[in-house]
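Please read these numbers as outputs of a predicted model, since none were measured by experiment. In what follows, every chain begins at residue 1, and chains take the letters A, B, ... in the order their sequences are listed.
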There are 2 protein chains.
Amino acid sequence: MLIGEFAQAVGASKDTVRFYTRMGLLQAGERSAGQRHYATYAEDQAERFVFIEQCKALGFTLREIGDALTERDAGSLTALRQQELLEQKLRTIEERIASLRSAEGKLRAKLERTTR
Amino acid sequence: MLIGEFAQAVGASKDTVRFYTRMGLLQAGERSAGQRHYATYAEDQAERFVFIEQCKALGFTLREIGDALTERDAGSLTALRQQELLEQKLRTIEERIASLRSAEGKLRAKLERTTR
DNA sequence: GTAAACTGTGAACCATGGTCCATAGTCAAG
DNA sequence: CTTGACTATGGACCATGGTTCACAGTTTAC
């Protein structure tokens, strides 16, 4: 599958697919033609793409997803390790929520003073 | 007051002061010496700096703070207008919290499935 | 007179997640 | 043979909030 077909299949732009590939998130094969090399994407890369999107929805950065995929490819992404990563991320999300809630509280206090 | 003294007075780096000045958040005077021009900061700029920090703590971006300061300087930052800006910001903060909570919920669900 | 401490300028750089652009090779249909 | 559709490459660009750097003029102390 060339990039256009793959991008359409997963519902992303070709630029995004190229970007993910450069980041090492997706693995592309190569097909030569004259002086040019065209990237090809196998079926399993679509599953990989879905995995990436799910991780993104969980709040992971592309960098973190790349690291996790590398571990997965190496076979070292055990259930325990997965749990660890999820718990770490949960903590950082909770921190961010707490910091936003603090801003929210200050805003409400300020609003009350302003409205009063 | 030259930049070094001012920066120390407000507890920021000289680079930050220059950055804010370029952004239009702080207003500097000018003192010439030979071919060079040195920025000077009056007392009221320290209050301005405190205002900026408070706004940042409320979740406003530097751009938004700059706009608000411009309105304040023009005398058009009425209590009603302030309330409006605070309410707008409160809404965006709430949206961000909601989106983080969604990620949090998904993470917890995933953790439960993984741990089980 | 010279060295230290201060100042200015413009630009590049950091992370984040892409998008957009120009230039140019490849391939199939007409 | 030409046109259109596809592809690759490298780099610039967006927002955000600064930081760091090199190069160079100024001022103060000794």
Side-chain angles (χ1 to χ4, degrees), chain A residues 1-41 45 48-49 51-69 89 92-93 96 99-100 103, chain B residues 1-41 45 48-49 51-69 89 92-93 96 99-100 103:
Chain A
M1 225 179 338
L2 289 180
I3 195 171
E5 196 186 347
F6 179 75
Q8 194 157 26
V10 300
S13 76
K14 287 186 279 190
D15 281 313
T16 298
V17 173
R18 283 197 197 97
F19 184 68
Y20 284 7
T21 307
R22 269 207 306 282
M23 298 279 98
L25 298 178
L26 292 176
Q27 294 157 344
E30 208 173 313
R31 176 184 306 163
S32 294
Q35 323 163 9
R36 306 282 293 241
H37 304 281
Y38 295 93
T40 58
Y41 295 88
Q45 297 307 304
R48 215 173 160 91
F49 191 91
F51 178 77
I52 295 168
E53 297 228 297
Q54 284 169 351
C55 290
K56 276 184 58 181
L58 293 176
F60 289 94
T61 64
L62 296 188
R63 171 88 161 113
E64 290 166 337
I65 298 169
D67 291 348
L69 280 169
K89 183 52 67 180
T92 70
I93 298 268
R96 280 199 278 167
S99 128
L100 282 176
Chain B
M1 220 174 347
L2 288 180
I3 195 172
E5 195 185 347
F6 178 74
Q8 193 157 26
V10 300
S13 76
K14 287 186 279 190
D15 284 312
T16 299
V17 172
R18 282 196 198 98
F19 184 67
Y20 283 8
T21 306
R22 268 207 307 283
M23 297 280 99
L25 298 178
L26 293 176
Q27 294 157 343
E30 208 174 315
R31 176 184 306 164
S32 294
Q35 322 162 10
R36 308 280 294 239
H37 303 281
Y38 294 93
T40 57
Y41 294 88
Q45 296 308 303
R48 215 170 160 93
F49 190 91
F51 178 78
I52 295 168
E53 296 228 297
Q54 285 169 349
C55 290
K56 276 184 57 182
L58 293 177
F60 288 94
T61 65
L62 295 188
R63 170 88 160 114
E64 290 166 337
I65 299 170
D67 291 348
L69 279 170
K89 183 52 68 179
T92 71
I93 297 270
R96 280 198 277 167
S99 129
L100 283 175

Starting from C1' on C/dT16, measure out to CD on A/Glu64 and report it in whole angstrom. 12 Å

What's the CZ-P distance between A/Arg18 and D/dG10, to the nearest Å? 12 Å

Could you give the CG-to-P distance, from B/Leu2 to C/dT7, as a whole number of Å? 6 Å

If you take atom types as modelled and just measure distance, does the side chain of B/Arg36 reach the base of D/dT26 with a donor-acceptor pair under 3.5 Å? no

Using a cut-off of less than 4.0 Å, is there contact between a side-chain N or O of A/Thr16 and OP1 or OP2 of C/dT19? yes

Rounded interatomic separation in angstrom, taking CZ from A/Arg63 and P from C/dG18: 16 Å

Evaluate the side-chain proximity of B/Asp15 to B/Arg18: yes if any heavy-atom separation is below 4.5 Å, no if none is. yes

Quick check for you: among D/dG18, C/dC20, D/dT7, whose closest atom lies nearest to any side-chain atom of B/Leu62? D/dG18

Minimum heavy-atom separation for B/His37 and B/Ser32, please, with both atom names. ND1-OG, 3.1 Å

Could you pull out the closest heavy-atom pair between B/Leu100 and A/Arg96, with the gap in Å? CD1-CB, 3.8 Å

Mapping B/Gly34 and B/Phe60 to their closest nucleotides on DNA chain D, which lands nearer the 5' end? B/Phe60

For B/Ile65 and D/dT16, give me the distance from atom CD1 to atom C1', rounded to whole Å. 12 Å

Using whole Å, what does the distance between atom P of nucleotide C/dT19 and atom CZ of A/Arg22 come to? 11 Å

Closest of C/dG8, C/dG25, D/dT19 to the B/Asp15 side chain is D/dT19

Check whether the ring centres of B/Phe49 and B/Tyr20 lie less than 6.0 Å apart, and answer yes or no. yes

Nucleotide D/dT9, atom P - distance to NZ of A/Lys14 in whole Å: 14 Å

Among the candidates C/dG25, D/dT26, D/dT19, find the nucleotide nearest to the side-chain atoms of B/Gln35. D/dT26

Nearest-nucleotide pick for B/Phe19, side chain only, options being D/dT26, D/dG17, C/dT19: D/dG17

Is the shortest side-chain N/O distance from A/Tyr38 to OP1 or OP2 of C/dT26 below 4.0 Å? no

Look only at the side chain of A/Gln45 and the backbone of A/Gln27, and say whether a donor-acceptor pair between them is shorter than 3.5 Å. yes

Between D/dT20, D/dG18, D/dT16, which nucleotide has the shortest distance from any of its atoms to the side chain of B/Lys56? D/dG18

In this structure, how many angstroms lie between the P atom of C/dT7 and the CD atom of B/Glu30, rounded? 16 Å

Just to confirm, is there a sub-4.0 Å distance from OP1 or OP2 of C/dG18 to any side-chain nitrogen or oxygen of A/Ser13? no

